[in-house]
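Model, not experiment: these values are computed from the prediction.
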Amino acid sequence: MVMPAFTEAAAAEPPLAESYLDLLRRGGGIAPPMTGGAAVQERELPLIDLGCLMKTTASGGAKEARACSDAMARAASEWGFFQVTGHGVGRGLLERLRAEQARLFRLPFETKATAGLLNGSYRWGAPTATSLRHLSWSEAFHVPLAIISGRDFGDLASLRGVMQEVADAMSRVAKTVAVALAGSLLQQGHEAAAAFPPGCDETTCFLRLNRYPACPFAPDTFGLVPHTDSDFLTVLCQDQVGGLQLMKDSRWVAVKPHPDALIVNIGDLFQAWSNNRYKSVEHKVVANAKAERFSAAYFLCPSYDSPVGTCGEPSPYRSFTFGEYRDKVQEDVKRTGRKIGLPNFLKQQPPPQ
């Protein structure tokens, strides 16, 4: 197999190329096809103006808000993903975050990996991968919100300020969307929906800063391996490079970037709470041969001891906490190399394959 030419990685880059070549050798020198051979169609996600939910005091505002909530509920059921505008997260703020991300990821790899930056939250690739199908061509800081305001960031003080602003803004978006989606399912009224999701506050959620370097082995490489999110809800800001794909009607669909929209997707906990009415959909990022890609994701998570609950009985899932769910996911990944997720918590287990 003729290998793509590439130059020695700069000091800032994680050893992704070395990992790729080592896994390729172990696999016999043939990279497995990552697309399944099928053409991937580019689609625009449902686009919803979230500002409608902020106008309930105006004449006709309640009707508009209901229509907005219904549109999100349909998208959460049919796609598991949708885009929102009117979200109040300014473009200028996101551009400042993008600049700070670039500065952060330009630090030497050894500094990122060993200096304990941002509470030691640095991740890269998949150092424990045993197959190219488990390798993600990316690096990230997966930062607990609790440490953003409570730690001295030293030379990264300007990053802390921007991260705090972005986390606050995305938190408002996530809470607004979550309450609206819960209200579409709950019969008890707005008061019960306003308390959703249980156990989530500014100390339990996460902000993840992602970078996907240009990859000389694209398109035979994942930027991020196929997965579902293990939270209630994810709010994503991405640049215009593209690369996000999701599973729709048993086929991969490429998501067309929208310059003014944030992407929202349903997580496993929300699917369980909604008794499978809302869908936590498998998604991935494909590597780009020429351009690096940046994104930032806000994960709406409860405390580890919070029970996930249900919108109503009967539920197909047994009772479990977020901590139990996380532990089981990590156990399965370590044991099998992949996440199993919600099927582990069904009251009636599916027959073994």
Side-chain angles (χ1 to χ4, degrees), residues 72-73 76-77 79-81 121 123 128 142-146 171 174-175 177-188 191-208 224-236 246-247 264-283 297-353:
M72 287 194 293
S77 299
W79 285 79
F81 274 74
S121 61
R123 309 284 186 269
T128 60
H142 192 75
V143 187
L145 294 195
S171 177
K175 183 66 175 177
V177 171
V179 168
L181 289 174
S184 293
L185 298 182
L186 286 172
Q187 302 300 315
Q188 302 99 312
E191 293 75 14
F196 180 86
C200 293
D201 60 32
E202 66 278 359
T203 69
T204 63
C205 301
F206 292 82
L207 187 66
R208 185 179 178 95
L224 192 62
V225 297
H227 67 287
T228 60
D229 290 349
S230 296
D231 58 352
F232 271 109
L233 203 69
T234 304
V235 180
L236 175 72
L246 60 91
M247 188 63 69
V264 176
N265 67 276
I266 301 300
D268 297 344
L269 301 189
F270 214 156
Q271 176 170 324
W273 182 90
S274 70
N275 294 344
N276 294 335
R277 297 178 196 178
Y278 299 148
K279 301 298 188 292
S280 180
V281 172
E282 190 175 35
H283 53 286
Y298 178 93
F299 297 96
L300 184 65
C301 301
S303 61
Y304 293 156
D305 60 354
S306 291
V308 172
T310 175
C311 67
E313 294 292 353
S315 169
Y317 298 99
R318 64 176 176 83
S319 178
F320 63 93
T321 66
F322 182 42
E324 288 177 280
Y325 192 77
R326 277 185 84 254
D327 290 346
K328 185 59 177 170
V329 166
Q330 293 172 356
E331 175 189 324
D332 287 338
V333 169
K334 185 178 296 185
R335 180 173 55 87
T336 69
R338 68 184 184 91
K339 171 183 174 180
I340 297 174
L342 286 175
N344 282 321
F345 295 88
L346 289 168
K347 291 177 180 175
Q348 291 187 306
Q349 291 294 312
Q353 297 294 319

- Task: Might you work through the side chain to side chain contact (heavy atoms under 4.5 Å, CB included) test for D332 and R338, ending with a clear yes or no?
- Result: CA-CA 6 Å; D332 287 338; R338 68 184 184 91; over 6 Å; no
- Would a 4.5 Å heavy-atom cut-off, applied to side chains only, mark L145 and F206 as touching? no
- Query: Are the aromatic rings of F196 and W273 close, with centres under 6.0 Å apart?
  - Reply: yes
- Would you please name every residue forming a side chain to side chain donor-acceptor pair (under 3.5 Å) with T321, sequence neighbours left out? E324
- Mind checking whether V281 and F81 have side chains closer than 4.5 Å, heavy atoms only? yes
- Message: What I want to check is whether the side chains of K279 and S77 have a donor and an acceptor closer together than 3.5 Å.
- Response: no
- Close side-chain approach of R318 to F345, heavy-atom, < 4.5 Å: yes
- Test item: I340 and R335 side chains (from C-beta on) under 4.5 Å apart, heavy atoms: yes
- Item | Heavy-atom side-chain contact between F299 and D229 under 4.5 Å | yes
- Looking at Y304 versus Y325, is the centre-to-centre ring distance below 6.0 Å? no
- Message: Hydrogens and angles aside, do N275 and T310 bring a side-chain donor and acceptor to less than 3.5 Å of each other?
- Response: yes
- Query: Do we see a donor-acceptor contact under 3.5 Å between the side chains of K347 and S315?
  - Reply: no
- Item | Donor + acceptor pair across side chains of S171, Y298 (<3.5 Å) | yes
- Query: Are E331 and K328 within salt-bridge range, i.e. N to O under 4.0 Å?
  - Reply: yes
